[in-house]
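Take a look at the structure below.
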Amino acid sequence: MGTRISKALEISTFLSWSLALIPLLTCSRPGRGSEARVERRTSSPPKTQNQMLTESGPQTPDDAQVKAVLDKMAAAGITRPTTVADVRKAYLFYPKLSGTPEHVFHIDDRQIPGPAGNVTVRIYTPNPTRGLPILVFFHGGGFVAGNLDTHDNPLRSVTNRCECIVVSVDYRLAPENKYPAAPEDAYSATKWVAEHAGDIGGDPRRIAVGGDGAGGNLAAVVTLMARERGTPSLVFQILIYPMLDASTMRPSWFTESDVPTVTRESKHKLLSTYLPIAADLGDSFISPIRAQNFTNLPPALLMTYGGHDPMRIEGEEYIRRLKEDGVVAKVSLYPKAIHGFFLMAGELDAGKKCIDEVATTLRNAFNSTPTGSSVKSVPRSTSRN
């Protein structure tokens, strides 16, 4: 099913992974549909119209706040969730940490056509102005949990503070719908938004994508899909502690193997639920960091947290690769936050700052976007399985 990985990697993998996950690991080897990593340039990326982005400094929430949140999560029995039921229980609890919902000028739930039936979206409109920029957002939840309601509070705030339309996408979840259901729904919804932007009061020239966790993975994947398929035009990507590599062989997954909310074990189990047995973990639509190149992708802001983020290393590597291929990108570090802090603005200062940074960054990007397309079609070098 794919090229062989080294014997040492196989031994390490089999020793550390459960037998139930052997089929998933077997298909993680680079295969016919995968994209090999190419030699990276070391020169500085060229300047672009969005070069106003700069590296942000650390933003540190109060440690007592983090401890209080972890205590509440422990009392609710949702720390270190591993099963689908555990993760879904956790995402039902997170809205209790997100604060009081802000009033938004207009909110509309509607059905739009998708690749396998209708997809539900929630459209947030901050004011009656026409031609507003648009953020298409994909919620987190390990590909198995989350919905329009779990992320309602932070998206209300982003809508108001950015003064943009936000379209939240209720994509299909695993295990009921395995890959590629989620990314195809995400791409289809983004394409629909571009084609119907005027109908919802938006500007088709100013569309960004974003998401947290698994939703950050989908946002990055949608930018690759849009580039490969030549549409829609995207001007920015917001990636909040995203999962960018389906592998867990980086050292951080071992050193941070027993941290709150996201663990190596939980990632293994959730991916085995999300991916079919024959999936290739080297496919860039599963692991965006494995793309052959990152040219002609929209500028990016990636938010990560320090201390106990096993995905921080891959996130920083992803941003570095974007820069090497001429894409304006930055990492914003929240040193003492925890996974899910975007949903915890009612309890964590880090959550409030995250929402503010998302809104400010998007507003600057939208305001600096010139007319015309920002996406050029760049097909992948190999066919997919």
### Message
Pair K67, D71 - check salt bridge (charged side-chain N to carboxylate O under 4.0 Å, His left out), show working.
### Response
CA-CA 6 Å; K67 182 180 184 304; D71 288 344; 3.0 Å; yes
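In this structure, the side chain of R205 does not engage the main chain of V235 through any donor-acceptor pair within 3.5 Å. Remark: side-chain polar atoms of Q237 are paired, donor with acceptor, to backbone N or O of P298 under 3.5 angstrom. A donor-acceptor distance shorter than 3.5 angstrom exists from the side chain of K352 to the backbone of A345, with no hydrogens or angles considered. Between the D170 side chain and the T120 main chain, no donor and acceptor come within less than 3.5 Å of each other. In this structure, the side chain of Q65 engages the main chain of D349 through a donor-acceptor pair within 3.5 Å. Between the side chain of S287 and the backbone N or O of S284, no donor-acceptor pair lies under 3.5 Å. Checking side-chain atoms of D185 against main-chain N and O of R172 turns up a donor-acceptor pair under 3.5 Å. Judged purely by atom type and a 3.5 angstrom limit, E314 uses its side chain to pair as donor or acceptor with the backbone of L244. For the pair D245 (side chain) and I289 (backbone), a donor-acceptor distance under 3.5 Å is absent. Side-chain N or O atoms of T361 include none that pairs as donor or acceptor with a backbone N or O of V358 at under 3.5 Å.
The two residues L275 and L281 make their nearest non-hydrogen contact at CD1-CD2, 3.2 Å. In plain terms, the two heavy atoms of R156 and P101 that are nearest each other are CD-CB, 3.9 Å. Between L234 and T223, the closest heavy-atom pair is CD1-CA, 4.1 Å. Contact detail for L302 and P242: the closest heavy-atom pair is CD1-CG, 3.7 Å. Annotation for L333 and P335: closest pair O-CD, 3.4 Å, computed over non-hydrogen atoms.
With respect to R130 and D203, no salt bridge is recorded, no charged nitrogen being found less than 4.0 Å from a carboxylate O. Under the 4.0 Å criterion applied to side-chain N and carboxylate O atoms, R312 and E316 are assigned as salt-bridge partners. A salt bridge links R229 to E184: one of the charged nitrogens lies within less than 4.0 Å of a carboxylate oxygen. Electrostatic pairing of R161 and D356 counts as a salt bridge here, judged by a charged N lying under 4.0 Å from a carboxylate O. A salt bridge links K72 with E347: the distance from a Lys NZ or Arg NE/NH1/NH2 to an Asp or Glu carboxylate oxygen falls below 4.0 Å.
Looking only at atom types and distance, the side chain of S98 has a donor-acceptor partner in the side chain of N153 under 3.5 Å away. If you check the side chains of D86 and T83, you find a donor sitting under 3.5 Å from an acceptor. Between the side chains of Y124 and D152, at least one donor-acceptor pair of N or O atoms lies under 3.5 Å. Counted by atom type alone, N127 and H106 present zero donor-acceptor pairs between their side chains at under 3.5 Å. Looking at N293 and R227, their side chains do bring a donor and an acceptor atom within 3.5 Å of each other. E357 and S332 share a donor-acceptor pair across their side chains, judged by distance under 3.5 Å alone.
Counting heavy atoms from C-beta outward, T150 and Y94 have side chains that stay 4.5 Å or more apart. The shortest side-chain heavy-atom distance between F285 and E228 falls under the 4.5 Å cut-off. Residues I200 and V167 meet the side-chain proximity criterion, which asks for heavy atoms closer than 4.5 Å. Looking at T190 and S188, their side chains never come closer than 4.5 Å, going by heavy atoms from C-beta outward.
A search for salt bridge (Lys or Arg N to Asp or Glu O under 4.0 Å) contacts involving R88 returns E176, not counting sequence neighbours. Taking R363 as the reference, nothing meets the salt bridge (Lys or Arg N to Asp or Glu O under 4.0 Å) condition, with sequence neighbours excluded. Not a single salt bridge (Lys or Arg N to Asp or Glu O under 4.0 Å) links K178 to another residue, sequence neighbours left out.
Aromatic ring centres of F342 and Y241: separated by at least 6.0 Å. Residues Y171 and H139 bring their aromatic ring centres within 6.0 Å.
Between Y179 and Y274, the ring planes lie perpendicular to each other; the angle is over 60°, past the 30° to 60° tilted range.
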